[in-house]
Colleague: 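Quick one: structure below, then a few questions.
We name chains A, B, ... by the order of the sequence lines, and we start the count at 1 in each one. Treat the numbers as computed from the prediction; the structure is a model and nothing was measured.
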Amino acid sequence: MIRTHEAGSLRAEHAGQTVTLAGWVARRRDHGGVIFVDLRDASGIVQVVFREEDAHALRNEFCVKVTGEVRARPEGNDNPELATGAIEVAAAELAVLSEAAPLPLPVDDTITASDDLRLKYRYLDLRRSGPASALKLRSRANQIAREVLHARDFNEIETPTLTRSTPEGARDFLVPVRLQPGTWYALPQSPQLFKQLLMVAGMERYYQIARCYRDEDFRADRQPEFTQLDIEMSFVTQEDIIELGEELVSKLWGELAGYEVQLPIPRLTWTDAMNRYGSDKPDLRYGVELTELTSYLDGTEFRVFAGAIAAGGYVGAVVMPGGASQTRKELDGWQDWAKARGARGLAYVTLDASTGEPKGPVAKNLSEAHLSGLADAVGAKPGDAVFFAASAERREAQELLGAARIEIAKRAGLIDESAWAFCWVVDAPMFEKTSSDDGQESGWTAVHHPFTSPNEEWEGKFEEAPNKALAYAYDIVVNGNEIGGGSVRIHRGDVQKRVFDLLGITPEEAEDKFGFLLEAFKYGPPPHAGIALGWDRTCMLLSGNESIREVIAFPKTRGGYDPLTTAPTPITAQQRTEAGIDAKPKAAAAPGTDGVAAPVLPS
RNA sequence: GGUCCUGUGGAGCAGUUGGAGUGCUCGCCGCCCUGUCAAGGCGGAGGUCGCGGGUUCAAGUCCCGUCAGGACCGCCA
């Protein structure tokens with residue numbers, strides 16, 4: 001080792017020892033006859049004192065080695081801000097291991113640079129303690145997950161990242177195959193099918209910290225490649241997976257957030273979550289629940305509401321405490337907010353702070369009876385504002401109110417930023433209607449994925465009311481963020497076939513898309529279930545960050561661009577030819593001939 | 001695909017009603033300085049105001065386009 005100690009580890013008890021340190025010049029304070037250098041390595045910072053001129057030439061971020069004696073600081077010179085603040089190192093020898101050019105961004109915990117600059121010089125950005133600690137936290141989170149899972153006899157198994165596309169879902173990233181020009185691998189959106197095959201293989205307990213790829217647009221919590229803690233178990237029920245999920249979050253939050261998760265974590269059904277919070281991932285740090293007014297407002301002459309009610313839809317409301325004191329401009333701002341989400345607007349009534357009298361443009365359209373009972377119906381007090389949404393589509397109106405609920409909490413300052421509110425959302429619907437581009441309803445699609453099992457109640461009859469059928473599917477939610485989700489899988493061929501039939505997937509299509517899984521399921525598949533935790537998002541929350549970029553070593557910008565490597569890049573004509581990008585795939589060759597792999601065909 | 005915000009020496013910002021590239025903090029270079037810790041003092045260098053076009057006597061400032069970064073909607077089982 002080049003050094004004998006780590007800079008941040010030195011304490012008063014080291015006084016008198018001669019140590020050799022290696023690290024970077026975090027800061028230099030040159031007083032002429034005495035020069036102080038804050039020496040930083042991964043463990044922290046210690047002050048080194050030089051009496052010799054040679055330290056004069058040191059500059060920020062030079063990489064240096066220093067030998068000297070640890071000693072207590074002179075009386076009154078302690079620095080309580082530093083863990084090593086009671087001592088300093090009196091330098092006897094200095095070696096410059098490498099010099100640093102003037103920095104393109106400051107390596108300083110107190111100053112932030114713009115995102116693209118930080119990413120271009122991510123290796124400098126990560127010398128700062130904040131960004132570095134986020135990655136270290138993630139490392140520890142990985143370790144905690146592995147400890148929990150290995151204690152339960154899980155196997156960590158790697159699955160391919162060059163594979164064929166997972167059916168349905170997001171757009172795939174594609175990789176050309178040189179050996180079979182014109183054919184393509186897909187990068188996996190998740191190891192879903194492989195982990196189910198591992199259950200057929202009798203592995204029983206599988207996990208993987210798995211990289212996944214989806215070619216969709218970015219968000220603060222979305223990158224094109226991301227990581228899941230992916231878990232699958234055989235011979236278990238939904239309860240077993242939920243119990244495991246609770247141990248994981250309990251250990252993670254206990255150690256990394258210093259928060260004791262109260263177990264069991266409360267559960268909401270998907271329908272309750274939508275009815276009460278207008279979201280399938282409700283933020284339970286505050287109340288502000290939705291109220292359905294479909295029956296209350298029955299018979300109203302206000303066309304917006306009457307139309308929704310007549311169409312068998314939904315009218316509901318959410319209350320903004322103190323919202324009546326908003327200016328006209330702020331209230332108008334809600335209309336723009338609603339329109340930005342694709343809604344026509346957000347009807348509102350304000351209740352006069354002293355009299356409780358309903359006011360606002362919508363109030364004129366409601367009958368005396370409807371107005372007088374409104375405050376009680378929605379639980380509003382004088383001084384509050386009541387926002388309404390109405391639609392023939394229940395879910396659409398509820399989601400608008402749910403989004404309004406979140407916005408209300410932000411604007412009214414109702415969010416306790418220090419709180420952690422966990423819940424499971426269970427009993428998710430199996431199917432939802434699909435509509436083609438012309439708006440015509442065209443059939444059903446799986447809400448989760450087509451291998452999700454109906455629950456016991458619906459297993460025999462989901463075809464009778466696909467819109468009401470419930471699945472053994474569950475999401476774990478914290479503070480309005482979905483951090484994981486999973487389901488019990490179908491393991492019976494007859495049930496799977498009925499699901500495919502409902503989804504309009506013909507046997508030929510099913511064969512073409514995932515024949516290999518159906519083939520496997522012919523050989524005694526065990527009942528199995530699993531869950532995947534969105535690992536970037538989980539680590540982001542644990543580290544108190546607002547973007548998953550902070551817990552990814554070398555993230556990409558919004559356009560899929562990596563400012564550091566400048567990927568993606570064009571390829572040469574030769575690469576293009578070699579990769580077979582423009583080649584037409586050969587006409588279907590006879591299986592097993594001419595170097596063409598034989599597909600696995602079920603009999 | 002859509003809406004919105006941002007772009008000014010190396011970094012972070014300010015820049016008023018359209019009136020000379022003006023200012024602030026940090027960094028950088030040189031000098032001074034023996035107890036600082038975001039050290040201090042003196043001096044200096046460094047900018048095609050993202051790019052292109054337009055309006056104007058005059059544009060960092062107003063308009064149009066475009067590029068880049070960010071937030072959100074669509075999308076993401």
Side-chain angles (χ1 to χ4, degrees), chain A residues 26-39 45-53 56-57 59-61 73-82 84-85 88 90 100-121 124-125 165-172 189-190 192 212-224 226 280 333 336-343 399-400 403 406-407 428-432 434 444-452 471 473 475 482 485-487 503 532 534 546-547 549 556-559 561 563:
Chain A
R27 208 171 284 279
R28 177 184 59 112
R29 294 177 293 278
D30 188 345
H31 291 237
V34 60
I35 299 170
F36 301 98
V37 168
D38 288 342
L39 184 76
I45 283 175
V46 72
Q47 174 167 284
V48 182
V49 185
F50 291 88
R51 301 284 172 181
E52 304 294 329
E53 281 276 311
H56 182 71
R59 292 293 181 271
N60 281 338
E61 299 308 315
R73 293 194 182 191
E75 188 73 26
N77 280 304
D78 288 10
N79 183 352
E81 303 290 316
L82 276 182
T84 60
E88 61 194 11
L103 301 169
L105 55 81
V107 177
D108 186 325
D109 287 340
T110 62
I111 299 170
T112 52
S114 66
D115 272 15
D116 52 337
L117 202 64
R118 288 180 57 203
L119 297 191
K120 182 173 179 184
Y121 296 101
L124 294 179
D125 185 48
S165 70
T166 317
E168 308 198 348
R171 205 173 287 122
D172 285 314
Q189 296 179 27
S190 93
Q192 181 63 37
C212 307
Y213 306 85
R214 291 177 192 175
D215 187 7
E216 296 293 343
D217 284 1
F218 287 56
R219 285 290 187 282
D221 61 355
R222 251 195 261 156
Q223 287 263 310
F226 61 97
D280 58 3
D336 298 334
W337 173 88
K339 282 170 186 158
R341 317 185 70 81
E399 285 179 345
L400 177 63
I406 295 169
E407 195 62 25
M430 284 195 73
F431 307 106
E432 61 189 354
T434 55
W444 299 95
T445 184
V447 171
H448 201 56
H449 58 59
F451 312 109
T452 304
D475 286 346
E482 181 195 324
S487 62
L503 295 175
E546 293 191 345
S547 167
R549 288 189 292 267
K556 291 170 180 60
T557 69
R558 197 188 142 64
Y561 177 70

Colleague: How would you label the contact of D109(A) with the nucleic acid (heavy atoms, under 4.0 Å): base, sugar-phosphate, or nothing?
Modeller: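 Here D109(A) touches no strand at all.
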Colleague: Choose from G35(B), C28(B), C75(B) the nucleotide whose nearest atom is closest to any side-chain atom of N60(A).
Modeller: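 Out of G35(B), C28(B), C75(B), the nucleotide with an atom closest to N60(A)'s side chain is C28(B).
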Colleague: In whole angstrom, give me the gap between the C1' atoms of G40(B) and C5(B).
Modeller: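 One C1' to the other, the span is 40 Å.
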Colleague: In whole Å, measure the gap between the P atoms of G21(B) and C49(B) for me.
Modeller: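 Approximately 9 Å lies between the P atom of G21(B) and that of C49(B).
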Colleague: Applying a 4.0 Å non-hydrogen cut-off, can you work out what I35(A) is touching in the nucleic acid: base, sugar-phosphate, or nothing?
Modeller: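 Answer is nothing: I35(A) stays at 4.0 Å or more from every strand.
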Colleague: Checking all strands, does E75(A) fall into the base, sugar-phosphate, or nothing category for heavy-atom contacts under 4.0 angstrom?
Modeller: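 If one applies the 4.0 Å heavy-atom cut-off, E75(A) turns out to touch nothing in the nucleic acid.
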Colleague: Are more than 12 heavy atoms, taken from residues, nucleotides or ligands other than K556(A), located less than 6.0 Å from that residue's NZ atom?
Modeller: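 Counting neighbours around NZ of K556(A), more than 12 heavy atoms of other residues, nucleotides or ligands fall under 6.0 Å, so yes.
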Colleague: Which part of the nucleic acid does R171(A) contact within heavy-atom distance under 4.0 Å: base, sugar-phosphate only, or nothing?
Modeller: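 It contacts nothing in the nucleic acid.
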Colleague: Which is true for R549(A) with a 4.0 Å heavy-atom rule: it touches a base, it touches only sugar-phosphate, or it touches nothing?
Modeller: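 Sugar-phosphate, backbone atoms only, no base.
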Colleague: By the 4.0 Å heavy-atom rule, please label S114(A) as base, sugar-phosphate, or nothing.
Modeller: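 The answer is sugar-phosphate, as S114(A) gets under 4.0 Å only of primed atoms, P, OP1 or OP2.
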Colleague: Does CD in E52(A) sit with more than 12 non-hydrogen atoms of other residues, nucleotides or ligands closer than 6.0 Å?
Modeller: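 Open: at most 12 neighbouring heavy atoms sit under 6.0 Å from CD of E52(A).
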Colleague: With nearest nucleotides of RNA chain B determined for F36(A) and D30(A) from heavy-atom distances, which residue corresponds to the more 5′ nucleotide?
Modeller: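 Looking at RNA chain B, the more 5' nearest nucleotide goes with F36(A).
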Colleague: 5'-most contact on RNA chain B: R341(A) or D115(A), nearest heavy atom basis?
Modeller: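 Looking at the nearest nucleotide for each, D115(A) comes out on the 5' side.
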